[in-house]
Student: 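Structure in structure tokens, see below.
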Amino acid sequence: MSQDQAFDVSTSSVLNAPQGEAGDGLWVGRVADKVLEVFPDQPLYTCAAGISPSGIVHFGNFRDVMTSYALARELEARGKKVRLLFSWDEYDRFRKVPAGVDPSFSRYIGMPLTGVPDPEGTYPSYARRFEVEFEEAMRALGITLDYRYQTQEYTSGRYADQIAHVLQHREQAAEIQLRFKTEKGNQEKGLDPDTFRRTYFPVTVYSRFSGADKVEILSYDGGTKLTYRCLLTDKVEQIDFKETPIVKLPWKLDWAMRWREEQVHFEPAGKDHGTAGGSHDVNSALARELFDRPAPVFQCYEFVGIQGMNGKMSGSKGNAISPGTLLDIYEPELLKWLYLRRVPMQSFNLAFDTEIYRQYDEFDREVAGLRRGDSSPAQQKILAFSGVAPKDETPLAFKQAVALGQITQWQEDKLSALAEKSGIPCSAPSAARRLPKAKAWLTTYNPEEIIALRTEPHLDYAGAMDEKRRAHIAKLRAILEEDSASIAALEEQVYAIPKDPSLSEKETKLAQRAFFKDVYQLLITRDAGPRLSTFLWAVDRAHVLRLLTL
RNA sequence: GACCUCGUAGCUCAGCUGGUAGAGCAUCUGACUUUUAAUCAGGGGGUCGCGGGUUCGAAUCCCGCCGAGGUCACCA
């Protein structure tokens with residue numbers, strides 16, 4: 001097929017590639033081999049990523065960064081000098097008013113994202129709001145990026161010569177693009193190849209009259225002068241885009257141009273770009289034929305999902321979740337690990353439901369293996385890239401952070417005491433880190449799981465109880481009125497209350513269960529709940545006594 | 001139509017350079033004064049979608065087929 005294949009490290013070729021220099025069998029090693037093969041002995045290697053801040057930068061976009069980050073770390077580990085370039089494609093046009101934004105923003109459609117105001121008025125522009133959120137999340141994750149702001153790059157005139165170059169070769173650019181278009185597609189869009197070749201101007205011009213890109217190119221002088229008509233105001237002017245930098249290359253050429261301008265050696269992209277004949281193929285051809293440079297080594301990656309949420313995420317649909325939001329419930333190292341452990345072409349899910357327990361547990365097991373020294377080189381590398389250093393601490397299992405956290409009202413000292421009394425191993429720093437995440441997971445994302453004490457006594461339920469059951473509750477009250485009741489004492493008492501010498505063992509168990517149910521109903525309106533002894537020990541005693549007053 | 005991914009225990013999935021099938025949940029048995037949504041120990045459960053091929057050996061590589069999903073528009 002295309003000559004690109006030599007540089008294309010898509011899944012199958014990755015899996016078939018010979019063992020990398022690193023010898024651990026990881027995909028990242030094989031891709032690094034490819035980079036060093038295509039671009040040997042570079043003084044500086046550039047791994048790139050880029051995102052258009054057209055809405056919330058979500059955790060799917062984040063895979064772009066993580067994929068490039070993995071390569072950068074791998075090349076670094078091999079003694080190469082590396083920079084991790086991140087381009088904010090903020091000079092792209094504002095296409096669509098996303099859900100949740102004032103519909104009147106439709107008047108900004110066609111303007112660059114940095115030319116649209118922030119709907120909330122807190123940031124200098126629409127784009128900046130999303131950039132700031134993402135940049136903060138990257139800081140929290142400990143990922144350092146070399147940011148490029150494309151509005152600044154374009155409007156500084158930096159790309160003027162390249163734009164001229166493209167315009168001078170516009171027939172060739174048209175030709176290359178036509179190669180990737182199908183006849184069927186052309187018919188559907190009513191595209192006539194001849195007309196396309198003749199009239200194709202591969203530039204976007206942001207009109208000085210309207211600010212939007214709704215313009216018609218009238219002529220080009222072969223240098224840096226362009227005449228356009230603003231379709232919104234019907235005004236015509238000629239500009240020299242070297243002095244009046246309001247011209248931008250469209251996406252397809254923009255990518256190829258920057259590969260050359262920034263000397264990019266590796267850049268991943270989502271599978272929407274990676275499809276055969278898709279935008280990456282077109283750009284690779286453009287890079288080679290128009291910019292006389294091999295395309296960077298490419299790695300396509302699958303989408304990331306959320307457990308219990310299907311369909312593609314997008315900012316305009318208003319269902320996007322940012323990496324920063326994920327940090328509410330995931331530790332930074334864990335989040336990075338989840339991205340790095342999978343080969344890029346494998347999709348995976350993040351979770352806001354109980355699936356997160358498993359992710360934390362698996363992560364804890366890996367880290368424990370690292371500490372014991374019995375993890376594989378591949379595991380060690382992934383953990384190292386995720387920022388995990390072998391520490392001598394026993395993490396608090398996330399499930400327990402949720403369970404113990406809520407019965408201790410998220411009080412760290414009480415939780416530590418409880419953990420100790422209950423023989424649950426956990427180190428204080430780990431508990432301190434995870435408690436807020438567990439709290440957010442429960443209260444913000446899974447409120448239906450919350451076990452809350454009733455505010456008022458459960459009179460309806462109590463009314464249906466007979467004398468004997470009431471007597472049991474009264475006994476419990478008496479015990480709780482003594483301050484000294486410890487977990488162990490409570491444990492014993494709670495089981496002793498319903499006991500009766502006349503009952504068989506089996507009957508005793510049934511009686512105990514019925515009693516527990518009564519207590520749970522009176523306290524939390526449920527048939528079951530956290531282990532009673534611990535629960536009674538941890539909750540506000542006076543309040544419980546009031547709930548148990550029949 | 002082109003391309004990609006997935007199809008492994010009841011459920012959710014690990015199994016990445018080929019070497020005697022794994023985890024969690026669920027289930028069963030037992031222990032802890034306990035059939036309580038903070039435990040522990042152990043057991044059962046899979047012809048790894050189907051059919052070929054390569055190999056001493058394949059869930060793992062290759063080919064074909066079936067099934068599910070995805071991407072091909074400037075939306076990762």
Side-chain angles (χ1 to χ4, degrees), chain A residues 10-12 14-20 22-27 29-30 49-52 54-55 57-65 67 89 92-93 95-96 98 180 182 184-185 189 204 250-252 254 268-281 300-304 307 310-317 320 341-343 345-349 351 354-355 357-358 361-362 365 376 378 382 397 399-400 402-404 407 418-419 422-424 449 451 491-492 494-496 499 505-506 508-510 512-513 515-517 519-520 526-535:
Chain A
S10 58
T11 323
S12 53
V14 163
L15 294 176
N16 295 333
Q19 180 168 324
D24 48 35
L26 283 171
W27 65 273
R30 285 175 229 129
I51 293 167
S52 184
S54 55
V57 181
H58 52 72
F59 62 79
N61 301 122
F62 177 53
R63 196 165 195 179
D64 210 55
V65 171
T67 307
D89 298 332
D92 290 2
R93 73 195 295 262
R95 304 185 164 83
K96 199 168 157 187
F180 290 91
T182 59
K184 191 181 156 208
K189 285 175 212 149
T204 294
W251 156 245
K252 284 183 179 169
D254 180 75
K271 66 169 173 179
D272 48 347
H273 297 302
T275 303
S279 54
H280 184 267
D281 277 358
C300 184
Y301 56 87
E302 254 286 353
F303 291 166
V304 181
Q307 196 89 320
N310 42 29
K312 189 169 153 184
M313 199 175 23
S314 82
S316 58
K317 273 193 246 164
R341 73 204 277 232
R342 293 290 169 75
V343 300
M345 274 312 282
Q346 187 170 18
S347 63
F348 67 94
N349 285 338
T354 51
E355 180 67 11
Y357 292 157
R358 204 180 88 183
D361 286 348
E362 280 181 26
R365 259 200 302 280
S376 72
I382 301 272
K399 193 176 182 177
Q400 293 184 337
V402 172
L404 302 186
I407 61 180
L418 175 55
S422 322
I424 294 169
E449 302 274 331
I451 291 169
E491 179 81 9
E492 190 174 331
V494 145
Y495 280 98
K499 272 192 181 170
E505 196 175 326
K506 191 161 188 181
T508 303
K509 285 186 174 180
L510 286 173
Q512 285 168 336
R513 193 181 191 188
F515 170 62
F516 294 144
K517 184 181 162 188
V519 179
Y520 288 125
R526 296 188 187 205
D527 284 348
R531 182 161 274 224
L532 263 189
S533 55
T534 343
F535 191 49

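Below, read A as the first sequence line, B as the second, and so on, with proteins coming before strands; counting in each chain starts at 1. Basis for what follows: all heavy atoms, side chains included, without hydrogens, waters or symmetry-related copies. None of the values given here were measured: they were computed from a predicted structure.
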Student: With sequence neighbours left out, what residues match Arg342(A) under salt bridge (Lys or Arg N to Asp or Glu O under 4.0 Å)?
Tutor: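 With sequence neighbours excluded, Arg342(A) shows a salt bridge (Lys or Arg N to Asp or Glu O under 4.0 Å) to no residue whatsoever.
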
Student: Can you list the residues that meet the ring pair (Phe, Tyr, Trp, His ring centres under 6.0 Å) rule with Tyr520(A), with sequence neighbours excluded?
Tutor: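 Partners of Tyr520(A) under the ring pair (Phe, Tyr, Trp, His ring centres under 6.0 Å) test: none.
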
Student: Nearest to the side chain of Thr275(A), heavy atoms from C-beta on, is which of A76(B), U71(B), U35(B)?
Tutor: U71(B)

Student: In this structure, how many angstroms lie between the C1' atom of A23(B) and the OH atom of Tyr357(A), rounded?
Tutor: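 Rounded to whole Å, this separation is 18 Å.
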
Student: Counting only Watson-Crick or G-U wobble pairs whose two distances fall under 3.5 Å, which nucleotide matches U47(B)?
Tutor: none

Student: Which whole number of Å gives the distance between the C1' atom of C13(B) and that of U5(B)?
Tutor: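 Pairwise C1' distance, C13(B) against U5(B), rounds to 15 Å.
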
Student: Which whole number of Å gives the distance between the C1' atom of C32(B) and that of G22(B)?
Tutor: 29 Å

Student: Donor-acceptor check, side chain of Asp64(A) to backbone of Gly50(A), threshold 3.5 angstrom: yes or no?
Tutor: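 Answer holds: yes.
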
Student: Taking the nucleotide of RNA chain B with the closest heavy atom to each, which residue, Arg341(A) or Gly274(A), is nearer the 5' end?
Tutor: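 The residue mapped nearer the 5' terminus is Gly274(A).
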
Student: Are side-chain heavy atoms of Leu532(A) and Val519(A) found at a separation under 4.5 Å?
Tutor: yes

Student: For the side chain of Gln400(A), starting at C-beta, report the closest nucleotide among U5(B), A38(B), A14(B).
Tutor: A38(B)

Student: Considering only the P atoms, how many Å lie between U8(B) and G49(B), rounded to the nearest integer?
Tutor: 6 Å

Student: Can a donor-acceptor pair be found, under 3.5 Å and without considering hydrogens, that links the side chain of Arg63(A) to the backbone of Gly270(A)?
Tutor: no

Student: Of all the heavy-atom pairs spanning Ser347(A) and Phe303(A), show the shortest one and how long it is.
Tutor: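 Looking at all heavy atoms of both residues, the shortest contact is CB-O, 3.2 Å.
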
Student: Quote, to the nearest angstrom, the C1' distance that separates G44(B) from A26(B).
Tutor: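 These two C1' atoms come out 13 Å apart once rounded.
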
Student: For Glu302(A) and A76(B), give me the distance from atom CD to atom P, rounded to whole Å.
Tutor: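 Distance check: Glu302(A) CD to A76(B) P gives 15 Å.
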
Student: Quick one: Phe348(A) CZ to A14(B) C1', roughly how many Å, whole number?
Tutor: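 Computing the Phe348(A):CZ to A14(B):C1' distance gives 15 Å.
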
Student: Whether Gln346(A) contacts A14(B) is assessed here as follows: a side-chain N or O lying under 4.0 Å from the phosphate OP1 or OP2. Is that the case?
Tutor: yes

Student: To the nearest Å, give me how far apart OH (Tyr301(A)) and P (C16(B)) are.
Tutor: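 My rounded result for the distance is 25 Å.
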
Student: Using Watson-Crick or G-U wobble geometry with both distances under 3.5 Å, which nucleotide pairs with U29(B)?
Tutor: A41(B)

Student: Sticking with atom P, work out how far C62(B) lies from G1(B), rounded to a whole angstrom.
Tutor: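 Those two atoms are separated by 23 Å.
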
Student: At what distance, to the nearest 0.5 angstrom, does NZ of Lys399(A) lie from CG of Asp361(A)?
Tutor: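 Going from the NZ atom of Lys399(A) to the CG atom of Asp361(A) covers 8.0 Å.
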
Student: Atom NZ of Lys517(A) to atom P of U34(B): distance rounded to whole Å?
Tutor: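 Rounded to the whole Å, the gap is 22 Å.
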
Student: Could you state the atom-to-atom distance from CG of Asp64(A) to P of A76(B) in whole Å?
Tutor: 9 Å

Student: Find which nucleotide of RNA chain B each of Leu532(A) and Arg93(A) is nearest to by heavy atoms, and output the residue with the more 5' nucleotide.
Tutor: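 The answer here is Leu532(A).
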
Student: Rounding to an integer number of angstrom, what distance separates G51(B) and U17(B) when you compare their C1' atoms?
Tutor: 27 Å

Student: Can you identify which nucleotide, out of G15(B), U71(B), A76(B), has its nearest atom closest to the Arg342(A) side chain?
Tutor: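 My answer, after comparing the listed nucleotides, is G15(B).
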
Student: Between U39(B), U17(B), C4(B), spot the one nearest the side chain of Met345(A), thanks.
Tutor: C4(B)

Student: Can you check the distance between G46(B) and G70(B), where both ends of the measurement are the C1' atom (answer in whole Å)?
Tutor: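 Going atom to atom, C1' in each nucleotide, I get 28 Å.
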
Student: Mind checking who U35(B) pairs with, Watson-Crick or G-U wobble, both distances under 3.5 Å?
Tutor: none

Student: In whole angstrom, what separates Tyr520(A)'s OH from A38(B)'s C1'?
Tutor: 11 Å

Student: Can you tell me which nucleotide in U17(B), U35(B), A76(B) comes closest to the side chain of Gln512(A)?
Tutor: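 Nearest nucleotide to the side chain: U35(B).
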
Student: Please state the P separation for the pair C50(B) and G7(B) - nearest whole angstrom.
Tutor: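 Nearest-Å result for C50(B) against G7(B) at atom P: 13 Å.
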
Student: If pairing requires Watson-Crick or G-U wobble contacts with both distances under 3.5 Å, which nucleotide is the partner of A2(B)?
Tutor: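 Answer to the pairing question: U71(B), which forms a Watson-Crick or G-U pair with A2(B).
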
Student: Select one nucleotide: of A76(B), U71(B), C16(B), the one nearest the side-chain heavy atoms of His58(A).
Tutor: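 Nearest nucleotide to the side chain: A76(B).
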
Student: Searching all strands shown, indicate the nucleotide that pairs with G7(B) (Watson-Crick or G-U wobble; both distances under 3.5 Å).
Tutor: C66(B)

Student: Atom CD1 of Ile382(A) and atom C1' of C16(B): how far apart are they, to the nearest Å?
Tutor: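 About 9 Å, once rounded to whole Å.
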
